[in-house]
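Scroll down for the structure; my scribbles are underneath it.
In this chain, residues are counted from 1 in sequence order. Remember, it's a predicted structure, so these values are computed and weren't measured experimentally.
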Amino acid sequence: MSTESAPRKLPPGTVPIKEEFLVFRTAPAPQPINDDAAEGVTATTTGRDAGDRPVDSRDQPGNGGKKSWKSMSKAEKNAQKGQNKGRRFKKERDELELCWKVANGAICDLGTECRFSHDIDAYLAAKPQDLRVPSTDEFTDKPPFGPDLSTLVKPHPRYPNVDTATVCPIFAEAGECRYGYKCRFLGGHIAEGSEGNLTLAQDETKKAQAALTAHEMNFIGAENQKRLRSKRYPLPISTQYLRDIAPPEEKNSKPIVIDASRLDEADYVAKALEVSASADPAETEPAPTATEDVKMDDVETTMEKRTGDANADAAKDTPDVPMRSSEKNRLDWKGKTYLAPLTTVGNLPFRRLCVKLGADITCGEMGLAPSFLAGSREEWSLVRRHPSERTFGVQVAGNKPQFLVPTAEVLAKEFPSGLDFVDLNCGCPIDLVFKAGSGSALLDAAGKLGRIIVGMQKALGAIPLTVKLRTGVKDGKNNAHKLMPRIAAEWGASAMTLHGRTRQQRYTRLADWEYIGECVKAVREREEAEDLAPVPIFGGGDCFSAQDYWEKVEGSGVDGIMIARGALIKPWIFTEVKERREWDISARERLDLIRDYAEFGLNHFGSDTTGVNATRRYLCEALSFQYRYVPIGLLETLPPKINERAPAFRGRNELETLMASGDSQDWVKISEMFLGPAPPTWSFMPKHKSNAYGSEEGQG
């Protein structure tokens with residue numbers, strides 16, 4: 001593509017990049033991209049210009065007669081926007097599948113009836129070459145960037161596909177690899193058997209250390225999942241509370257749950273929301289207050305059973321005596337950094353990376369209450385926690401006490417020491433959730449919201465309940481200043497987070513931090529008037545630098561800021577906040593963080609073929625945000641602003657330029673530096689047609 005010698009004037013809302021780094025083009029500039037939750041534009045980049053920047057094929061001569069962005073009508077542009085709803089990521093498997101028990105050195109009970117291979121020699125002969133995660137010291141700033149791994153391989157004399165020089169990330173951390181012979185880093189944990197065959201090595205010292213520092217937490221047992229699916233899980237506190245708040249004609253009604261085992265993930269979510277959108281109790285009912293105890297049939301009998309005067313089986317399903325808000329674990333969050341719950345990208349490996357970079361509080365991805373109650377394996381995987389997550393919570397969405405209160409009780413029963421808090425989502429703006437009455441729809445249903453909060457905080461016992469909300473549903477009709485003083489003082493929540501936008505506004509304007517300050521003031525005034533202990537209040541919206549963070553904290557009076565988009569684009573923002581500086585991070589330092597993510601992903605998703613490519617998929621999801629980062633050494637003015645869009649630019653070296661690419665194929669290329677070549681059948685389709693601009697809003 002031809003370039004121009006004369007500089008162009010950058011339009012408003014454009015990142016102020018120094019002129020020497022700009023790439024000037026004769027073709028039209030890229031179209032503006034909205035930052036809404038499920039709206040955007042498909043990446044059509046198929047080539048690269050002389051500055052190694054992606055080139056939009058719609059703007060090129062000989063593009064088959066396709067219209068350029070400027071020549072499209074509004075309807076045609078809208079057709080190019082939105083979410084890639086049809087994307088599917090199939091599991092990649094080995095060509096010859098080895099039985100899991102045999103892969104771990106055990107004997108399969110099924111014997112010859114097992115549908116998987118038991119022939120280890122045949123499996124190793126057909127298995128792909130072992131992988132190796134290079135050290136970033138082995139990389140350069142110029143193509144091909146990484147080392148030639150073929151020159152570093154030390155093949156096993158009998159099994160040439162096994163590289164004895166590789167290191168398995170799981171074995172290195174845990175002292176054993178649960179994937180056995182199926183591991184794509186097998187050479188890192190093999191030993192020679194007495195008969196010349198391969199055996200699986202173990203490091204007992206590392207195993208002992210890993211039991212405390214590496215093993216993930218919060219697993220629900222298969223038996224309890226089965227009890228949830230069959231509606232046999234005992235929920236005495238929820239049952240009593242729902243009976244007490246139900247209208248007379250509904251006293252004997254049971255919560256509705258659905259069978260998740262017969263639906264795929266997309267159908268299940270839709271069905272769960274459809275079920276949860278069914279009729280609610282009248283909105284005119286007053287909400288109970290946190291100081292009202294749940295009525296029990298016979299508290300004396302309950303206490304008698306719990307002190308051992310009755311048999312254990314009878315006591316097992318008896319309601320606990322409700323805990324008052326003052327007895328809950330207090331949240332001391334002032335001055336702490338908080339990573340927001342983030343759909344898809346906010347998985348456990350990403351949270352580990354943010355914790356390493358300074359995040360103090362982390363929260364799992366939003367889960368749907370009906371899905372938890374149906375025993376959905378996918379939903380329950382969202383509560384997993386790594387030991388490095390010092391303060392960890394789970395976020396739940398729903399529209400009725402009938403779903404949210406029982407979910408809270410199950411969480412409290414299953415993970416009494418594994419959760420530091422449970423967060424109620426009252427901010428999610430996406431249509432599917434909002435139209436079901438969940439997420440930000442609860443902002444316009446104060447009575448129901450009160451019943452939900454009171455019930456959840458009673459069911460959670462000592463675990464604190466927090467609430468995340470928006471300023472309101474519609475522009476010009478903010479109501480958070482009315483709700484927030486009630487959320488803790490009347491209903492018993494232990495903390496609040498306010499995103500400074502309405503549901504209708506999405507990302508069309510900047511967050512209203514002045515209004516956030518007004519809401520904080522309203523809460524503090526009520527606490528002072530009623531002599532209540534102050535609860536933590538966090539704000540959220542547009543925080544993209546240390547200067548941003550501390551100016552907003554000091555100007556609004558919040559105890560801290562929940563960071564979402566800023567962390568997606570530059571996870572090291574937590575380091576900047578802690579050290580009160582703007583970090584001009586180099587391309588090599590960023591590559592080191594990508595390597596960390598790859599290793600964390602392999603430890604979480606697995607080191608077999610399926611796990612490697614699951615890690616690759618989620619690494620590409622993360623890179624679909626991180627490419628938006630513009631190095632501050634390229635900027636004319638500081639601090640950077642999150643809503644500004646970058647014109648075409650080149651980095652200070654070719655590696656930095658590659659990391660700024662919006663071409664999803666380049667994200668795959670980066671993943672291959674650490675995870676080996678992608679399988680021929682594997683491809684990555686960005687979640688949003690804008691290459692992930694704005695999908696972070698999915699959590700509200």
Side-chain angles (χ1 to χ4, degrees), residues 136 213 330-342 345-364 385-393 420-421 423 466 468 495-500 511 513 516 520 534 536-597 599-600 622 625-626 628-633 635 638-642 696:
T136 48
T213 61
R330 293 294 301 274
L331 298 177
D332 182 15
W333 286 2
K334 189 172 183 63
K336 293 187 176 181
T337 52
Y338 191 166
L339 171 65
L342 300 160
V345 190
N347 47 47
L348 187 145
F350 181 75
R351 298 198 307 270
R352 280 190 70 180
L353 180 65
C354 291
V355 167
K356 180 179 179 179
L357 291 165
D360 296 315
I361 306 167
T362 53
C363 187
R385 173 185 190 171
H386 190 267
S388 64
E389 296 182 88
R390 296 177 292 275
T391 303
F392 173 75
D420 297 302
F421 65 96
D423 189 61
T466 67
K468 182 170 185 248
M496 291 171 273
T497 300
L498 177 61
H499 184 103
W513 277 90
I516 291 176
V520 172
I537 302 176
F538 274 61
D542 304 332
C543 183
F544 198 47
S545 67
Q547 182 176 328
D548 258 353
Y549 187 97
W550 293 111
E551 285 180 353
K552 287 176 168 62
V553 167
E554 292 162 9
S556 64
V558 296
D559 295 298
I561 295 176
M562 176 186 278
I563 304 177
R565 285 187 298 163
L568 290 173
I569 297 170
K570 54 174 197 178
W572 54 92
I573 189 173
F574 298 105
T575 303
E576 294 182 326
V577 170
K578 288 284 185 72
E579 299 179 3
R580 294 181 180 247
R581 68 181 177 97
E582 312 305 333
W583 182 4
D584 188 10
I585 186 170
S586 70
R588 294 282 289 278
E589 288 173 318
R590 291 170 64 189
L591 196 65
D592 203 29
L593 299 181
I594 293 171
R595 184 187 189 277
D596 286 341
Y597 184 99
E599 289 201 339
F600 295 158
F625 288 97
Q626 292 181 27
R628 291 173 58 178
Y629 173 70
V630 180
I632 64 174
L635 301 180
L638 294 176
K641 295 181 173 56
I642 197 166
E696 64 276 359

Is there a donor-acceptor pair under 3.5 Å between the side chain of D559 and the backbone N or O of F538?
no
Gap between atom CG of D423 and atom NZ of K468 - 0.5 Å precision
7.5 Å
Mind listing the closest non-hydrogen atom pair of I361 and K336 along with its distance?
CD1-CB, 4.0 Å
Within the side chain of E582, is there an N or O that forms a donor-acceptor pair under 3.5 Å with the backbone of Q547?
yes
Side chains of P631 and R590 in contact at under 4.5 Å (non-hydrogen atoms)
yes
Measuring from R595:CZ to L353:CG, what's the distance to the nearest 0.5 Å?
13.0 Å
Where G560 and V553 come nearest, the two heavy atoms and their spacing
CA-CG2, 4.3 Å
Is a side-chain donor or acceptor of R580 paired with a backbone partner of A546 at a separation under 3.5 angstrom?
no
Please report the C-alpha distance between V558 and K552 in whole Å, then the side-chain angles of each, then the deciding distance to 0.1 Å, and finally whether the side-chain contact (heavy atoms from CB on, under 4.5 Å) criterion is met.
CA-CA 8 Å; V558 296; K552 287 176 168 62; over 6 Å; no
On a heavy-atom basis, which atom in F574 and which in A567 lie closest, and how many Å separate them?
CE1-CB, 3.7 Å
Got L357 and L593 here, is their nearest side-chain heavy-atom distance under 4.5 Å?
yes
Donor-acceptor under 3.5 Å (W513 side chain, G541 main chain):
yes
Beyond-backbone contact of P341 with M562, side-chain heavy atoms, under 4.5 angstrom:
yes
Of all the heavy-atom pairs spanning F421 and T466, show the shortest one and how long it is.
CD1-OG1, 3.6 Å
Side chains of P571 and K356: does their closest heavy-atom pair fall under 4.5 Å?
no
Minimum side-chain heavy-atom gap I573-Y549 below 4.5 Å
no
Treating D542 as the side-chain partner and A511 as the backbone partner, does any N or O pair qualify as donor plus acceptor under 3.5 Å?
yes
Hey, what do you get for CH2 (W572) to CD (E589), rounding to the nearest 0.5 Å?
9.5 Å
Judged by atom type as modelled, is there a donor-acceptor pair below 3.5 Å linking the side chain of K570 to the main-chain atoms of F544?
yes
Would you say C543 and D548 make side-chain contact, with heavy atoms under 4.5 Å?
yes
Does the distance from a Lys or Arg side-chain N to an Asp or Glu carboxylate O, for D596 and R352, drop under 4.0 Å?
no
Any donor-acceptor pair under 3.5 Å from T575 side chain to G358 backbone
no
Would D360 and K578 satisfy salt bridge (charged side-chain N to carboxylate O under 4.0 Å, His left out), going step by step from the backbone distance to the final call?
CA-CA 10 Å; D360 296 315; K578 288 284 185 72; 3.1 Å; yes
Would F600 and H386 count as a side-chain contact (heavy atoms from CB on, under 4.5 Å) if you check the C-alpha gap in whole Å, the side-chain angles of each, and the deciding distance to 0.1 Å?
CA-CA 10 Å; F600 295 158; H386 190 267; over 6 Å; no
Minimal heavy-atom distance between V520 and G557, with the atoms involved, is CG1-O, 3.7 Å
Output for pair (S556 OG, I516 CD1), nearest 0.5 Å, gives 6.5 Å
Nearest 0.5 angstrom please: I569 CD1 to F625 CZ, how far?
8.0 Å
Could you tell me which non-hydrogen atom of A340 sits nearest to which non-hydrogen atom of A564, and how far apart they are?
CB-CB, 3.7 Å
So, E576 side chain and S545 main chain: donor-acceptor pair closer than 3.5 Å or not?
no
Taking T337 for the side chain and V577 for the main chain, is one N or O donor matched with an acceptor at less than 3.5 Å?
no
About how many Å separate CD1 of I561 and CD of E551, when rounded to the nearest 0.5 Å?
10.0 Å
